[in-house]
Amino acid sequence: MTGMIERLPGWPTLPDLFGWVESGFPGAHTVPGLHGIRIEEFLADEKYVLRAELPGIDPAKEVEITVTAGVLTLRAERSEETTQKHRTEFRYGTFARSVRLPAGAKGEEATADYKDGVLTVTIPVPEMKTGTKTIPVRQG
């Protein structure tokens, strides 16, 4: 060897490893052509808030947000505009992410805002009662 590291056949490259961390390891149940969306979610002031990284898209044309049976689904699409061959680590295509909403979330009252590449979805959630309730068992 002359000081260069030779890649062994069958071993993934470093970008491949980062891709696995983001999208799941090979062999995991993924839908071909779909990429995940990075999110953060939290409850604050009787609201469920989901923030999603979606840089470089037009939210009015390229984002769809739905709530069905207590599940919030985000879909977005980013298309590549250039036809020249080049190296890119950007992701193009369809992005999707679904999350289960907290019990009692009012999906029909959801609002969404997009600023600086971050989509924020806010859904009212009535005050959740904390604690444990014991349920008696009847015989008979």
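The first residue in the sequence is number 1, and the count goes up from there.
- Atom-to-atom distance recorded for Arg75:CZ and Phe95:CZ is 11.5 Å, nearest 0.5 angstrom.
- Rounded to the nearest 0.5 angstrom, Arg97 CZ and Arg38 CZ are separated by 10.5 Å.
- Within the structure, side chain to side chain donor-acceptor pair (under 3.5 Å) contacts touching residues 48-57 (residues at least two apart or in different chains) are Glu40-Arg51, Glu41-Tyr48.
- Formation of a donor-acceptor pair under 3.5 Å by the Tyr114 side chain with backbone atoms of Leu54 is found in this model.
- In this structure, NZ on Lys47 lies 12.0 Å from CD1 on Ile123, to the nearest 0.5 angstrom.
- Contact of the Glu46 side chain with the Val125 side chain is not registered, since no non-hydrogen atoms from C-beta on lie closer than 4.5 Å.
- Taking all atoms of both residues into account, the shortest heavy-atom contact from Glu62 to Gly56 is OE1-O, 4.5 Å.
- Residues Ile65 and Leu72 are in side-chain contact: their nearest non-hydrogen atoms beyond the backbone lie under 4.5 Å apart.
- A 4.5 Å side-chain heavy-atom check between Ile57 and Leu119 finds every atom pair outside the cut-off.
- Hydrophobic cluster membership for Phe42: Val49 (Ile, Leu, Val, Met, Phe, Trp, Tyr linked by side-chain heavy atoms under 4.5 Å, directly or transitively).
- Shown here are the salt bridge (Lys or Arg N to Asp or Glu O under 4.0 Å) partners of Glu108, two or more places apart in sequence or in another chain: there are none.
- Considering every non-hydrogen atom in both Pro126 and Gly104, the closest pair reads CD-O, 3.0 Å.
- Follow the hydrophobic side-chain contacts under 4.5 Å out from Val99 and you reach Leu43 in the same cluster.
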